[in-house]
Structures are given as C-alpha cells and as structure tokens.
Amino acid sequence: MNQHIHCIVSDCHYWNQGNKCHANEILVATDKFGASQPDKVDASMATQLTPESAGTCMETCCKSFIPKGSNKATADNISKMS
Ligand code: SF4
C-alpha cells in the first residue's frame with residue numbers, strides 16, 4: 001500500500017480512512033490534460049506521456065480519480081491496494 005499519498009477526495013474509488021490514497025500508482029496532470037484524455041490514459045502510461053507546465057496548483061488534477069461505485073474502475077489499469 002502506498003502510504004505516502006494523502007488525499008481528502010473522499011468520493012474517489014481509491015480513497016481510504018485517514019485520508020490515504022490506496023491506488024498502487026496515480027497520475028497527476030494538468031487540468032487541460034485531464035479534461036481531454038480518456039480514462040485509459042493514466043499512470044500505467046506515464047513514461048509515454050509528454051510533460052507540460054501547469055503554472056499554479058489550481059491547474060493540476062489527479063487524473064486517477066474514479067468516483068466510488070463507478071463501473072470504469074478498471075479502465076485505467078490501476079489497482080486498489082488493501
Ligand atoms: S486516486 Fe487521486 S483522487 Fe483518488 S484517492 Fe488517490 S490521490 Fe485522491
């Protein structure tokens with residue numbers, strides 16, 4: 001379990017008690033990238049992606065967010081750790 005990523009987005013599939021992210025990996029991206037790419041483009045493809053500038057924290061997002069209960073939880077090839 002990755003205990004180094006803290007997150008307060010409680011409606012995410014990967015969120016857990018103590019405000020911990022239980023995804024085995026995540027992708028942080030610019031809002032522009034996050035809004036334009038499908039769910040399958042995520043952390044597992046990170047080495048193939050082109051880095052880009054955000055400017056402020058307001059323009060970044062967690063691309064790996066999946067709403068709790070979503071039927072797309074496996075679309076990004078990210079695993080939920082116990
Ligand atoms: S995948 Fe992103 S939004 Fe979801 S719990 Fe982890 S850090 Fe938070």
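Counting starts at 1 for both ligands and their atoms, in listed order.
When hydrogens are left out, the protein atom nearest atom 2 (Fe) of ligand 1 is C62 SG, 2.2 Å; that is the closest non-hydrogen contact. Shortest contact from atom 6 (Fe) of ligand 1 to any protein heavy atom: C21 SG, 2.4 Å.
Using a cut-off of 2.8 Å, one finds that C7 contributes an N/O/S atom close to atom 8 (Fe) of ligand 1. Taking 2.8 Å as the threshold, C12 counts as a candidate ligand of atom 4 (Fe) of ligand 1, since one of its N, O or S atoms lies below it.
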Query raised in the report: Hey, mind stepping through H22 and N16 against side chain to side chain donor-acceptor pair (under 3.5 Å) and telling me if it holds?
Result: CA-CA 7 Å; H22 278 205; N16 219 305; 3.2 Å; yes

With side chain to side chain donor-acceptor pair (under 3.5 Å) as the criterion, how do E59 and T30 come out once you've worked through the C-alpha distance, each side chain's angles and the decisive distance to 0.1 Å? CA-CA 6 Å; E59 295 170 71; T30 63; over 6 Å; no

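In terms of modelled atom types and a separation under 3.5 Å, the side chain of K63 and the main chain of V41 share a donor-acceptor contact. The closest donor-acceptor contact from the side chain of K68 to the backbone of C12 lies under 3.5 Å.
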